[in-house]
Amino acid sequence: MKRILSGSLTHLGPPALMRLLSATATSGVLELVTDEGSFRMEIDHGWTAVPPPDQLDAAGRILSCVEGAFRFEPGDVSPVDGPSLSLGAFADAVRSGLRELDHSQLTEIEVERLVAGEIVELAQSATLPNIHLLGAKPPANPLDDLLQGLADQAPEELLFAQVGVVAPDPRLWRGALENEWRRRGWEVRQIGKSGDVDLAEFDVIVVHQAAGVSRGGGSSKRLDLVRRAREIEPPLPVVWAAPLGDPLWVHELVKAGVSFLLPVPPGDGGEIQSRFVEDLTLVVDRQLRSLRPASRSVLPPAVTELVDALLHEADSEQAVGVLLQLASGHLLRGAVLMVEETAIRCRAGFGYPLVRGTQALPRGLSILELVIRSNNPTIGIDPAAGGSHRLAELLGLEELPSATAVIPLGIGASVAGILVGDREGEGLPDLSELVVLAGRLGGVALHS
């Protein structure tokens, strides 16, 4: 990274900016320009020299500004001569030190002396989180019995994508395919011949005609089903899997509003059927992903460019470490969970006894699926709920505090992971800045 990067402090406040530069161990020169003045510091692999006492009070006021601009010029700088501090710890300590002082009762000299002493003490006592990375190898299908237990005892704590299936021959939809889709967090619900159902209950419809002529019996009712699905707001996706040898019939399907036409190959067994099931699964997965809303909190281009530039050479483990270091500025405990096709797996964290955890949970737990499907964070949970207990077990705990945050990680509408964190029972601070920045960082880390 050699380009000079600049942007507005309105989109990325000084403490978050400094924690980001610290976590990525970046070197260069950072300049902040605000109504309170300007501040310049040289950064050597995420560390900076302790400013003179007479500059610390002004630094604190500048770091508390929410308006202004930053300019970061990457490159090598002279090694720090004298006491040095982690840039992230320095930013947090400046703000903490200033909050504790009553400026109205102190002279300017007393403020400088007290701020200087407290800031250095706070920053030097700050420690980086002890991040624990778990194995990258995914486990086998996790805890099918756990899902069954919740289904029996607390079905309201499960959230499965509802896949409605219209199929004259239901054999394919019983057994292996149904079980595999359930592991993905999808529930197969067969729709009878009449098609007289409330389509608002479904997330996607699959019409499957394995053999016979293209139109088949009941074609008018199925076309009517497609039209009804398109009238829902937002429209309900319909996947039509059938022989497609009749061009006129294909034309009618397209006009009716079918979302995807998947030809059914001749034959109904062995490798041919396996490929068809694989293709059908991919198509349904894409349709379900298309329903997810994009994150409402979007980083401006300047901040996106900064994040991507700082992480452009980082591998997945390094990027996850940066994300957790950034989160440690707001949370006392945090963990990154990876969203996989058939599991949600703990990847890394700090503060939680992860080695005691189960390492993976099945898809379908509403406490996590709501965040994945809505792309919105959940701030605060019910510790007594069954899903919360399962999440606590994943992190090695008996119970999570009610003040726990569950934050989606990803880019746009693609949620690749989840950040879970708390302050060991203390109230949570304002996490809006972390939600936006962690979403982008998580997207880079978990997609790399």
Side-chain angles (χ1 to χ4, degrees), residues 4-26 28-41 43 46-48 51 55-74 85-101 115 119 122-123 126 128-129 295-311 322-332 334 377 379 405 407 409 419 421 423 427-442 444:
I4 295 175
L5 301 166
S6 60
S8 171
L9 296 178
T10 304
H11 302 128
L12 188 65
L17 171 63
M18 294 168 71
R19 281 193 293 266
L20 178 60
L21 295 172
S22 178
T24 52
T26 304
V29 178
L30 175 66
E31 294 182 74
L32 305 176
V33 180
T34 72
D35 291 341
E36 292 288 342
S38 59
F39 190 69
R40 178 184 185 277
M41 62 187 74
I43 305 165
W47 289 69
T48 189
Q55 295 181 16
L56 284 168
D57 189 37
R61 291 196 303 271
I62 292 169
L63 265 62
S64 298
C65 290
V66 295
E67 293 186 359
F70 71 84
R71 180 181 185 275
F72 180 68
E73 183 175 355
L85 301 169
S86 160
L87 192 61
F90 172 64
D92 291 337
V94 166
R95 300 188 74 186
S96 299
L98 288 171
R99 279 197 298 266
E100 300 299 325
L101 295 176
V115 169
I119 285 171
L122 283 168
L128 293 175
S295 175
R296 295 179 184 175
S297 302
V298 180
L299 285 172
V303 181
T304 297
E305 182 182 22
L306 175 66
V307 171
D308 293 348
L310 292 173
L311 295 180
V322 169
L323 169 60
L324 289 171
Q325 284 190 46
L326 189 73
S328 71
H330 302 266
L331 307 167
L332 297 179
I379 309 297
I407 299 171
L409 305 175
L419 173 66
R423 295 187 60 82
L428 293 169
D430 179 9
L431 297 177
S432 55
E433 195 172 63
L434 176 63
V435 167
V436 177
L437 200 52
R440 181 73 191 187
L441 277 166
V444 175

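Just so you know, residue 1 is the first one in the sequence shown, and it goes up from there.
In terms of heavy-atom proximity, Ser22 sits nearest to Ser86 at OG-OG, 3.1 Å. Taking each heavy atom of Thr24 and Leu21 in turn, the nearest pair found is OG1-O, 3.2 Å. The minimum heavy-atom distance linking Gly13 with Glu433 is given by the pair N-OE2, 2.9 Å. Of all heavy-atom pairs between Leu63 and Pro15, the closest is O-CD, 3.6 Å. Nearest approach of Leu332 to Arg423, heavy atoms of both residues: CD1-O, 3.6 Å. Of all the heavy atoms in Val322 and Ala23, the pair that sits closest is CG2-O, 3.5 Å.
Checked by atom type and distance alone, the side chain of Ser328 pairs as donor or acceptor with a backbone atom of Gln325 at under 3.5 Å.
A search for side chain to side chain contact (heavy atoms under 4.5 Å, CB included) contacts involving Ala438 returns Leu323, Leu409, Leu419, Leu434, not counting sequence neighbours. Applying the side chain to side chain donor-acceptor pair (under 3.5 Å) criterion to Asp430, with sequence neighbours excluded, gives Ser432. With sequence neighbours excluded, the residues satisfying side chain to side chain donor-acceptor pair (under 3.5 Å) with Glu305 are Arg3. In this structure Ile4 satisfies the side chain to side chain contact (heavy atoms under 4.5 Å, CB included) test together with Arg71, Glu73, sequence neighbours excluded. By the side chain to side chain contact (heavy atoms under 4.5 Å, CB included) test, Ser38 pairs with Val33, sequence neighbours left out. In this structure, the side chain to side chain donor-acceptor pair (under 3.5 Å) partners of Glu36, at least two apart in sequence or on a different chain, are Arg61.
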Worked check of side-chain contact (heavy atoms from CB on, under 4.5 Å) between Thr48 and Met18: CA-CA 11 Å; Thr48 189; Met18 294 168 71; over 6 Å; no
In sequence, state the C-alpha distance, the side-chain angles, and the governing distance for Phe72 and Thr26, and then conclude on side-chain contact (heavy atoms from CB on, under 4.5 Å). CA-CA 10 Å; Phe72 180 68; Thr26 304; 3.3 Å; yes
Could you walk me through whether Leu32 and Leu9 satisfy the side-chain contact (heavy atoms from CB on, under 4.5 Å) test, starting with their C-alpha distance in whole Å, then the side-chain angles of each, then the deciding distance to 0.1 Å, before giving a yes or no? CA-CA 9 Å; Leu32 305 176; Leu9 296 178; 4.2 Å; yes
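The distance from the CG atom of Leu5 to the CZ atom of Phe70 is 7.0 Å, given to the nearest 0.5 Å.
Looking at heavy atoms from C-beta onward, Thr34 lies out of side-chain contact with Val66 at the 4.5 angstrom threshold.
Within 6.0 Å of CD on Glu67 lie no more than 12 heavy atoms contributed by other residues, nucleotides or ligands.
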